[in-house]
Amino acid sequence: MKVVATKNELQKIINHWREKGLTVGFVPTMGALHEGHLSLVKEAKEQSDVVVVSIFVNPTQFNNPDDLKSYPSNMIRDLKMLEGMCELIFAPTVKEMYPEEDKRQFDFGGLETVMEGKFRPGHFNGVAQIVSRLFEYVKPDKVFFGEKDFQQLAIIRRLVKELKMPVEVIGCPIIREADGLAMSSRNQLLEPVMRKNAPIIAKTLFDSFNFATGKTVQEIKELVVTLINSTKLLEVEYFDIVDGDTLQSVDKWSDSGYIVGCIAVFAGKVRLIDNVTYKK
Ligand code: PAF
């Protein structure tokens, strides 16, 4: 496993692989790795000859400077976790990725303005800036993203289409802790009492799936928000039930063949997201 920090070193190795006809799988991360990331790397390994993982905390996708400052990071631990799982790690500096300010503005036809986009303005523009650069440098055949970041996955699919990038986007299932909490780098920031209560988010989403038959979309929305908000230290920022492709809210279960409930919850200062598919 090699670790490189510059675009030149990265591309030299990738060009060499390409000459040998190898297929390249790519997993972009912001580090603070957990089993969820490792599941993406395993899937990438299954589907490609060689795997590249990037570790880069992208400043342009943080709309809140405090969030960027507190974002967990532990490169030594990350490298240990990846040992033997991939061929190449790309861990660039901010200067390497953004030698100049990236002024590009992306338009994803409304996908970026709802849910996360509404509460974290500019977030997806920053994600698109970094992901498009990484894809350009790595030129992967396949890229692997977790379905926990449901909206991000939809936006990446759209980005690849808009930029006509010859890469296949693979969505991978959410990996959960034994108590149901969706794995996230941010879970490390949870104080013990928050960590104890956080699984209520997933439990409520699963319960809402079971209750969905016989209740309206509006009733399910109210139920989820009320149940979570009645748990100590948890506060829903948004819960929306949307069409899984357009991400626009649905009013009735019959509005779409693909319906997903997406949630963001504050556990103290830590913001957690999760989702549940009601219909596909
Ligand atoms: O999902 C993430 O960790 C980040 O948004 C990504 C895709 C690595 C871009 O910085």
Side-chain angles (χ1 to χ4, degrees), residues 5 7 10 25-41 43-44 51-65 67-75 77-78 81-82 86 88-98 102 104 106 108 111-112 115-117 119-138 140 142-160 162-163 165 167-175 182-189 247 262 264 270-275:
K7 190 171 98 186
L10 172 81
F26 178 42
V27 181
T29 82
M30 296 207 299
L33 302 181
H34 50 70
E35 284 299 322
H37 294 111
L38 298 189
S39 75
L40 302 179
V41 180
E43 191 56 36
V51 175
V52 182
V53 175
S54 64
I55 299 179
F56 178 68
V57 181
N58 172 39
T60 73
Q61 71 188 72
F62 286 81
N63 56 314
N64 174 351
D67 191 21
L68 173 60
K69 240 192 258 162
S70 65
Y71 198 82
S73 142
N74 190 337
M75 186 60 89
R77 184 173 166 272
D78 289 348
M81 286 176 80
L82 288 170
C86 64
L88 183 58
I89 294 170
F90 180 46
T93 60
V94 173
K95 194 94 195 115
E96 180 70 13
M97 288 315 289
Y98 298 107
D102 191 337
R104 289 175 298 163
F106 293 84
F108 297 110
L111 289 180
E112 76 284 25
M115 301 191 291
E116 291 296 287
F119 290 93
R120 301 180 70 190
H123 167 65
F124 288 119
N125 203 63
V127 170
Q129 287 175 344
I130 191 63
V131 165
S132 58
R133 276 165 194 249
L134 289 168
F135 286 6
E136 198 189 308
Y137 300 165
V138 178
K142 293 185 182 184
V143 290
F144 298 80
F145 287 91
E147 285 171 353
K148 180 173 77 70
D149 296 288
F150 188 79
Q151 190 171 5
Q152 170 171 277
L153 180 57
I155 284 175
I156 305 278
R157 289 191 198 285
R158 178 70 175 250
L159 173 79
V160 160
E162 296 269 310
L163 299 182
M165 291 183 147
V167 54
E168 191 181 340
V169 180
I170 313 280
C172 301
I174 301 176
I175 304 296
M183 287 199 186
S184 162
S185 303
R186 292 174 195 273
N187 292 354
Q188 298 178 21
L189 302 173
L247 305 185
C262 297
V270 184
R271 190 173 180 279
L272 303 172
I273 60 171
D274 201 346
N275 62 77

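The structure displayed is predicted, hence computed values, not measured ones. In listed order, ligands and their atoms are each counted from 1. Values below: every heavy atom of this structure, side chains too, minus hydrogens, waters and symmetry copies.
- A salt bridge links Arg271 to Glu116: at least one charged side-chain nitrogen sits closer than 4.0 Å to a carboxylate oxygen.
- For a heavy-atom separation below 4.0 Å, the residues in contact with ligand 1 are Pro28, Thr29, Met30, Asn58, Gln61, Ile130, Phe145, Gln152.
- Counting all heavy atoms, side chain and backbone alike, Met183 lies closest to Gly36 at SD-N, 3.7 Å.
- The two atoms that bring Pro173 and Glu147 nearest to each other are CA-OE1, 3.6 Å, heavy atoms only.
- In this structure, Phe56 and Tyr98 have tilted ring planes: the angle between them lies in the 30° to 60° band.
- Although no hydrogens or angles enter the test, the distance criterion places a donor-acceptor pair under 3.5 Å between the side chain of Asp78 and the main chain of Leu33.
- Under the ring pair (Phe, Tyr, Trp, His ring centres under 6.0 Å) criterion, Phe106 pairs with Phe108, sequence neighbours left out.
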